[in-house]
Peer 1: 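Take this structure, written in C-alpha cells, and hold onto it; I'll ask about it next.
Numbered from 1 within each chain, the chains take letters A, B, ... in sequence-line order.
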Number of protein chains: 2
Amino acid sequence: MSIANSATSEDVGSAAQRERRKRILDATYELAKSGGFDAVQMRAVAEQADVALGTLYRYFPSKIHLLVSALGRQFEEASARLNERDIPGDTQAERVLYVLKRMARGMQGDPKLTEALTRAFMFADSSVTNEIHVVGMAMTSIVTHAMHGGVPDEGALTEEDVAIARVIGDVWLSALVAWVTGRSTAADTATHMEKAVHLILRD
Amino acid sequence: MSIANSATSEDVGSAAQRERRKRILDATYELAKSGGFDAVQMRAVAEQADVALGTLYRYFPSKIHLLVSALGRQFEEASARLNERDIPGDTQAERVLYVLKRMARGMQGDPKLTEALTRAFMFADSSVTNEIHVVGMAMTSIVTHAMHGGVPDEGALTEEDVAIARVIGDVWLSALVAWVTGRSTAADTATHMEKAVHLILRD
DNA sequence: AATCGTGGTGGAACGTGTTCCAAATTATGC
DNA sequence: GCATAATTTGGAACACGTTCCACCACGATT
C-alpha cells in the first residue's frame, strides 16, 4: 500500500518525500488511535514523525487536512476490503445493514481514532473538498456495493441507487457524530440505523 | 450556583443576571451574523456584551456551549413561528419540503450565522447534551408538525413518525454541513433534500 | 449601619494551532 | 565538483480558547 495519499493519489515527489509523508500519516494514526482528536497535536505529530513543524505544515496545511487525509486512507482500505467479498443477506436492507454493522464494529473497536477522524471530517471547510470527496465516494461505493449484493459490476448503478446511498450515508454520518460526541450509545446508534435503513429500503 | 445552565431558556436568576445573559446571547448572535464562527471570539463577545471574560465563562462554560445555546434560541423561535400556522401542501412530502425550504431560505439569508451555529453543533461533545437536545426536539417538532399538516394536536405521533422525522433531520444536518463548509451549493442541497424526502415519504 | 458572601471585574498566564524566518542541508543543472 | 535552487530544520512569535487569581461591588442579614 503505497501510503502517501491515494486519495488525491499523489505518487509525486522523491522517495524521501514519500517516506516523510508516510511517517507523518503513521504518526497521526497512532496518536489519534491512542488519544483521539486532542492528542493529535501538531508538535507531537512532527516529533513522532521526526520532521520539523514547518515541514509538517508544508505537507499538510492544517490539522484538519492531516486528519481527513488519514480518514481517507482508512475508508479506502475499508472499501477495498468490503468490495472484494460477497455480502450476505437476502434483501438490500439486510445486506446494507450487514455492512454498516461491520463498519460500526470496527469503529467501536477504535473509538478514539473514530472520534478524531469524524471530528476532523465535520470541521472541514471547502479547502478540504478533495480529501472529503474521497471519503464520500468510498462511503457511497460501500453502500451501493452492498445493495447489489456484491456484484463487481459497478456500471449498473441507477441515479436512484446513488441517491439512496447518499441518504443512508447522511444518516450514518449523523449517527456517527452523535455516538462520537457521546450523545448516544452504540446500541442506540445501531437501532436508529436499522430503523432508517428499513424506512429507506423497503424491499 | 444556580445560574448559567441554559438549555431551555430558564427564567432563573435575578433580573440583572437574565439581562446579562440576554446581552451575551445577543452579542454572540451579532458577531456570528457578521463574521461567522471565527468572529465569535470570547474576548469580543465579552466586550460587546459589556461583561468580563470570567463572567462570560461563568454563564457559558465554553464557546461551543455559547453558540449552541444561541442556536437553540433560534430553533425554538423558528419552531414556534412555524407551528402556529398551517402548512400548505397536499402530501406529507410536499408539506415537509415546504417547511425545509422555508428554513433553508432563512439560513441562506444569514450564511455566516448558519455557519457558526452549525459548526458549533457539529463540534459539541457530551457536555453539551442538554443544549443539543433542545435543538433536536425543535427539529423533530418542526418536521412532524409539517407531516401532519399543521394540526395542533401533537398527541397523535406514532413511533414511525418520530423515526421518519429523525431521519429527515439527519439528512438535513448532513446537507447543511456540506453547504456550510462550501462543499455543495444551495441548489445542490435543495435537490438532495427533495430526493431524500420523496424517498422517505412516498405517500 | 456594619458585616458577610455571592458574583463581577480586570488582567495575567498557559496551551495549542499556525505563521515566519534565518541557517543548515539536500537536490539539481552545468 | 561546483553553483544555485529547493527543502528541511529549529525555534521564536502570535492568536485565541481557557484558566486562574486578587480584588471590588452590592444585596441580604443582623
Peer 1: Given D/dT18, C/dT19, D/dT7, identify the nucleotide with an atom nearest to the side chain of A/R58.
Peer 2: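 The answer is D/dT7, which lies nearest to the side chain.
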Peer 1: Mind calculating the distance between OH (A/Y57) and P (D/dT8) to the nearest angstrom?
Peer 2: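 One finds 16 Å between P of D/dT8 and OH of A/Y57, rounded.
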Peer 1: Nearest to the A/K63 side chain among D/dT18, C/dT18, D/dT7, which nucleotide is it?
Peer 2: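 My answer, after comparing the listed nucleotides, is C/dT18.
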Peer 1: How long is the gap from CD1 on B/I87 to NE2 on B/H145, to the nearest 0.5 Å?
Peer 2: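 B/I87 atom CD1 to B/H145 atom NE2 measures 4.0 Å (nearest 0.5 Å).
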Peer 1: Is the ring centre of B/F37 less than 6.0 Å from the ring centre of A/F123?
Peer 2: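 Centroid separation for B/F37 and A/F123: below 6.0 Å.
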Peer 1: Return whichever of B/R23 or A/A16 has its heavy-atom-nearest nucleotide of DNA chain C closer to the 5' end.
Peer 2: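 The residue whose closest nucleotide sits nearer the 5' end is B/R23.
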Peer 1: Short of 4.0 Å, heavy atom to strand atom, which residues of residues 31-45 of chain A count as contacting DNA chain C?
Peer 2: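 A/V40, A/Q41, A/M42, A/R43 - these, ordered by number, are the residues of the stretch whose heavy atoms sit under 4.0 Å from the strand.
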Peer 1: Of the nucleotides C/dA12, D/dT9, C/dG8, which has the atom closest to the A/T55 side chain?
Peer 2: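 Ranking C/dA12, D/dT9, C/dG8 by closest atom to the A/T55 side chain puts D/dT9 first.
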Peer 1: What distance do B/I168 atom CD1 and B/L173 atom CG have between them, rounded to the nearest 0.5 Å?
Peer 2: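 Answer for the CD1-CG pair, B/I168 versus B/L173, is 13.5 Å.
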Peer 1: Between D/dT8, C/dT18, C/dT9, which nucleotide has the shortest distance from any of its atoms to the side chain of B/V51?
Peer 2: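 It is C/dT9.
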Peer 1: On DNA chain D, compare the nucleotides closest to B/S62 and A/A52; which residue's is nearer the 5' end?
Peer 2: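 On the 5' side of the pair lies A/A52.
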Peer 1: Between D/dT8 and A/Y59, is there an OP1 or OP2 to side-chain N/O distance shorter than 4.0 Å?
Peer 2: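 Answer is yes, contact under 4.0 Å.
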Peer 1: Could you go through A/R43 and A/E47, starting from their C-alpha distance and side-chain angles, then the distance that decides it, and tell me whether this counts as salt bridge (Lys or Arg N to Asp or Glu O under 4.0 Å)?
Peer 2: CA-CA 6 Å; A/R43 290 171 179 84; A/E47 185 178 1; over 6 Å; no
